[in-house]
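First up is the structure itself, then whatever we jot down about it.
Counting starts at 1 for both ligands and their atoms, following the listed order. Heavy-atom basis, side chains included; hydrogens, waters and symmetry copies ignored. We number each residue from 1, following the sequence as shown.
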Amino acid sequence: MPDKKGNHSEIPDGVSRRSFLKGMGTGAAILPALGKTVEAADLENRFGPEPAPITLTINEKIYHLQVEPRETLIEVLRNRLNITGTKVVCDNGSCGACTVYLDGAPVYGCMMLAVKAQNKQITTIEGISQNGKLHPVQEAFIEADALQCGFCTPGFVMSMAKVFEENPKASLIEVKQGLAGHICRCGAYAQIFKAAENVSKRNGG
Ligand code: FES
Ligand code: FES
């Protein structure tokens with residue numbers, strides 16, 4: 001319907017922009033007015049716009065919390081749960097710093113909504129040490145002095161640990177393939193790869 005200036009809008013007459021936006025969040029009131037059909041079950045499964053209760057399993061511990069549907073997994077880890085070992089650098093999926101495991105597979109925490117991580121096992125850098133002992137990859141990073149500012153380090157460690165979990169004697173080429181997508185802005189690559197070679201050698205590679 002054109003407005004006084006001749007602009008067209010899909011918002012029906014008698015519905016203010018505020019109530020339209022609110023209705024888009026809560027769903028039921030406005031969508032029938034737009035001639036769209038939405039199953040009641042779909043609406044029940046939608047989150048927001050207000051915070052909604054979710055349950056996350058992180059490092060084998062269960063957390064019940066309220067999150068907004070727009071919040072990413074890394075935001076929830078760091079800002080709501082104070083699990084800050086995992087870092088944020090680019091926040092747009094291009095550096096690998098925020099890598100965590102989801103059901104054992106490395107994912108970028110900045111590219112995943114927290115609500116989508118429900119019913120999965122989330123593992124962060126805090127969760128890969130065992131009984132207070134650092135993971136062998138963490139120890140190798142320390143020995144090789146494989147970091148400068150350290151912002152990229154948790155992500156590198158998580159992906160490298162996964163490479164050696166799948167192949168304890170992984171070659172340097174295989175490690176590099178496993179680290180594809182990780183960027184170290186300090187340029188500590190030589191030491192990072194040295195750490196990888198040391199892990200492989202200790203495993204008999
Ligand atoms: S912070 Fe997530 S990929 Fe860079
Ligand atoms: S150590 Fe600084 S970005 Fe890698």
- Query: According to the interplanar angle, ranging from 0 to 90°, do the rings of His182 and Phe156 count as parallel (below 30°), tilted (30 to 60°) or perpendicular (above 60°)?
  - Reply: tilted
I'd like to know if the side chain of [X] reaches the main chain of [Y], judged simply by a donor and an acceptor atom lying under 3.5 Å from each other, with no hydrogens or angles considered.
| X | Y | result |
| --- | --- | --- |
| Glu71 | Glu68 | yes |
| Gln118 | Thr55 | yes |
| Thr72 | Met112 | no |
| Thr153 | Gly150 | yes |
| Glu126 | Gly85 | yes |
| Tyr63 | Leu81 | no |

- Message: With salt bridge (charged side-chain N to carboxylate O under 4.0 Å, His left out) as the criterion, how do Glu143 and Lys194 come out once you've worked through the C-alpha distance, each side chain's angles and the decisive distance to 0.1 Å?
- Response: CA-CA 9 Å; Glu143 282 166 17; Lys194 181 74 188 154; over 6 Å; no
- Message: Which of the protein's N, O or S atoms come within less than 2.8 Å of atom 2 (Fe) of ligand 1, not counting waters?
- Response: Cys98 SG, Cys110 SG
- Roughly how far, to the nearest 0.5 Å, is CD1 of Ile122 from CD of Glu60? 12.5 Å
- Query: What protein atoms of element N, O or S are positioned under 2.8 Å from atom 4 (Fe) of ligand 2?
  - Reply: Cys152 SG, Cys184 SG
